[in-house]
Protein chains: 2
Amino acid sequence: MSPTHEVPDGKRPTLADVAARANVSTALVSIVIRGTKGASAATRERVLQAAKDIGYRPDTRARLLRSHRSRLLGVQFELQSAFHTDLVEGIYAAAEPAGYQIALSAVAPSRSEQQAVDTLLADRCEALILLGPQAPAARLAELAAQLPVVSLARRLRASAGNVEVVRTADEEGARQAVDHLVALGHRDIAHVDGGRAPGAADRRRGYRTAMVRHGLAAHVRVLPGGLTEDDGSAAARTLLTTRPRPTGVLAFNDRCATGLLDTFLRAAVPVPGGISVIGFDDSRLARLAHIDLTTVGQDIPRMAALAVGRAIARLDGEPADEPAPGTETVIAPHLITRGTTAPPTTA
Amino acid sequence: MSPTHEVPDGKRPTLADVAARANVSTALVSIVIRGTKGASAATRERVLQAAKDIGYRPDTRARLLRSHRSRLLGVQFELQSAFHTDLVEGIYAAAEPAGYQIALSAVAPSRSEQQAVDTLLADRCEALILLGPQAPAARLAELAAQLPVVSLARRLRASAGNVEVVRTADEEGARQAVDHLVALGHRDIAHVDGGRAPGAADRRRGYRTAMVRHGLAAHVRVLPGGLTEDDGSAAARTLLTTRPRPTGVLAFNDRCATGLLDTFLRAAVPVPGGISVIGFDDSRLARLAHIDLTTVGQDIPRMAALAVGRAIARLDGEPADEPAPGTETVIAPHLITRGTTAPPTTA
DNA sequence: GAAACCTGAGCGTGATATGAA
DNA sequence: GTTCATATCACGCTCAGGTTT
């Protein structure tokens with residue numbers, strides 16, 4: 001009937017409560033809880049037992065208020081993006097061993113980036129890791145004047161001064177995809193692009209230059225696409241009515257590629273028999289057995305770890321007076337060959 | 001070159017800094033910042049200007065430490081579940097107008113529910129909203145003895161005393177799906193289940209009882225499935241080798257249904273021509289133009305709003321001394337008819 | 001008496017200084 | 001000198017109570 005733990009008053013137990021129960025000072029309890037040296041093994045055990053008895057938990061707020069370092073990394077991400085949630089998972093994995101906590105702040109249709117960042121700042125995060133931020137570069141630079149800011153998966157011009165950038169070499173990834181198709185014998189290769197999405201411009205450029213380098217400038221064809229399955233599906237319907245139909249397509253990302261696949265399938269255009277399709281990201285989607293998508297892989301755990309690493313490096317380095325120029329960390333993508341690419345069938 | 005805002009020392013500006021600049025006391029600044037009455041319009045403006053000048057932002061932690069109410073709702077969710085991220089979005093939307101903040105804590109392969117809850121408790125959340133929690137009911141009951149706990153989308157026995165439950169009537173949803181197929185003329189209807197996932201048992205039971213009620217007990221067939229596309233795909237492969245093959249399938253959720261669809265498609269079994277498929281959730285996936293999945297819709301915004309509402313109701317009601325029994329709020333699902341169901345073709 | 005403002009205390013910690021074994 | 005323990009203050013803020021117009 002009664003609660004499991006003996007809560008003195010209905011309030012949560014504090015250091016003082018533990019101290020009273022263990023007959024020591026609050027300072028000593030603090031020492032024991034933090035695991036610092038300065039307490040004998042005997043009292044240590046006694047204090048820990050007392051803490052356990054009354055269900056004591058340290059109060060993060062009070063703790064962070066007192067210690068000037070918060071060891072808190074603020075992470076802004078898009079709730080709906082599987083790519084982002086994968087990155088967040090990697091960020092957790094990288095931050096906790098390094099002794100940093102994560103404060104999540106989501107961006108959604110009903111919640112702007114501005115709101116997301118505001119709450120992170122109010123929570124006194126020491127650094128910000130922004131996933132594919134859409135905010136203007138100037139705004140990011142302004143933020144970066146206040147605290148270390150890492151832009152993950154969005155490229156920024158050097159003019160965005162102090163912002164750290166961690167991203168995949170999108171241009172190179174698109175090149176690898178085109179090279180792969182060309183090596184298989186394809187010549188007529190289209191690209192369904194990502195519009196204004198982060199990375200889209202680079203991938204488009206990578207596609208173009210690779211085509212040109214292979215002497216296929218005449219076959220360059222960029223279709224307006226986007227990030228979602230619907231975008232891919234729409235582009236596929238366009239492609240189906242096109243003559244001559246390309247024998248290979250590079251999609252902006254895996255979701256877009258999935259839309260392509262599905263629509264081709266319904267139109268009885270076999271993949272890869274009738275047309276080859278390549279995605280981008282190597283998301284969970286691409287790995288699904290029935291999708292089995294050839295794709296340009298981004299090394300998500302590594303990107304996440306590097307983002308955390310850069311943020312921490314900034315924190316350990318010079319704090320604000322002598323701002324180091326923003327560094328750009330570019331990670332190589334790698335093509336993952338699966339079942340949606342094959343040599344073209346000579347018609 | 002220098003930061004935009006004049007930061008006194010490299011530290012962030014505090015109430016005292018604003019007070020000094022506006023020539024008032026910190027208490028008055030506090031009043032102005034919070035928008036409480038007790039300051040003249042003139043000083044109000046002067047203080048706000050000063051705050052803006054030096055880029056002051058209230059420190060949530062200090063603020064919450066002092067005021068006994070934290071107005072913080074802790075939300076535990078699964079990073080990889082689109083259903084969960086949709087709910088989170090709804091929770092944000094419901095909480096902020098009510099004057100509550102959200103603290104997110106993710107569950108991922110590398111991060112347990114225990115860890116997720118621990119950080120929420122350390123952050124002094126006033127109540128917990130747990131999305132599809134897998135923890136044992138006893139553990140949840142223990143938590144609920146300390147603070148209001150809402151289990152969203154997971155049913156709990158009455159024995160889990162104090163826990164609030166907000167969920168969809170899964171059994172009823174499955175019934176609606178079966179009714180729809182039967183009305184179309186189907187008799188041989190299979191169910192690909194969700195194993196131990198939250199809601200799976202109820203949906204299984206709903207399917208069974210509905211089949212029996214229609215006099216189709218002989219056709220009851222439950223295939224082991226799961227939450228992912230791969231699970232659906234595997235079940236589809238089983239179904240393809242089954243004679244007689246069912247003419248309709250109810251999948252555990254939309255992802256599972258998508259796996260079914262895709263595999264049927266590849267096997268040249270048209271949907272809904274050769275077989276009808278129904279999903280569950282009405283996730284973004286189901287609405288995609290090229291999927292166009294008939295599905296049992298869960299009212300996600302409403303579930304989110306109700307979860308927040310129940311948590312707040314608990315906070316406004318009796319705090320701990322006289323624990324009210326856990327309430328169960330059950331939301332009706334509704335079938336959404338799209339393009340994957342049709343009358344069976346008589347072979 | 002109200003409106004506008006200030007003073008002082010304390011929320012739960014962590015760090016420093018200091019003392020006792 | 002080292003180990004163990006304590007007292008005291010400060011972190012940034014809110015709130016109760018007081019003072020002045």
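In what follows, chains are A, B, ... by sequence order, proteins preceding strands, each numbered from 1.
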Considering only heavy atoms, which members of residues 25-34 of chain A lie under 4.0 Å from some atom of DNA chain C?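 Result for residues 25-34 of chain A: A:Ala27, A:Ser30, A:Arg34, sorted by number.
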
Looking only at heavy atoms, what is the nearest atom pair of A:Tyr92 and B:Arg111, with distance?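 Smallest heavy-atom distance, with atoms named: CE2-NE, 3.2 Å.
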
Could you check whether A:Arg69 gets within reach of a base, just the sugar-phosphate, or nothing at all, counting any heavy atom under 4.0 Å?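 A:Arg69: no heavy atom of the nucleic acid under 4.0 Å.
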
Knowing that exactly one of B:Val150, B:Leu140, B:Leu152 qualifies, which makes a side chain to side chain contact (heavy atoms under 4.5 Å, CB included) with B:Leu130?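 The residue from B:Val150, B:Leu140, B:Leu152 that satisfies side chain to side chain contact (heavy atoms under 4.5 Å, CB included) with B:Leu130 turns out to be B:Leu140.
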
Would B:Arg12 and B:Asp17 satisfy salt bridge (charged side-chain N to carboxylate O under 4.0 Å, His left out), going step by step from the backbone distance to the final call? CA-CA 9 Å; B:Arg12 309 173 96 129; B:Asp17 297 320; over 6 Å; no

Salt-bridge contact B:Arg139-B:Glu113 (side-chain N to carboxylate O under 4.0 Å):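 Salt bridge between B:Arg139 and B:Glu113, a charged N being under 4.0 Å from a carboxylate O: no.
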
Establish, with yes or no, whether the OP1 or OP2 oxygen of C:dC5 is under 4.0 angstrom from a side-chain nitrogen or oxygen of B:Thr43.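 True: B:Thr43 side-chain N/O within range (under 4.0 Å) of C:dC5 OP1/OP2.
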
OP1, OP2 of C:dG14 versus side-chain N and O of A:Arg63: anything below 4.0 Å?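 A:Arg63 to C:dG14 OP1/OP2: side-chain N or O found under 4.0 Å.
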
Starting at CG of A:Leu15 and ending at P of D:dT8, how long is that distance when rounded to a whole Å?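 Computing the A:Leu15:CG to D:dT8:P distance gives 17 Å.
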
Just how far, in rounded Å, is P of D:dC11 from CZ of A:Arg66?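 Computing the A:Arg66:CZ to D:dC11:P distance gives 8 Å.
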
Per A:Thr14 side chain, nearest of listed nucleotides D:dC15, D:dG12, C:dT13: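 My answer, after comparing the listed nucleotides, is C:dT13.
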
Residue met sooner reading DNA chain C from 5', once A:Ala16 and B:Ala41 are mapped to nucleotides: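 Result: B:Ala41.
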
Nearest 0.5 angstrom please: B:Ile33 CD1 to B:Leu48 CG, how far?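 Output value for this atom pair is 6.0 Å.
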
Result of checking A:Arg314, A:Arg69, A:Arg71 against A:Glu126 for salt bridge (charged side-chain N to carboxylate O under 4.0 Å, His left out):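 It is A:Arg69; the other options fail the test.
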
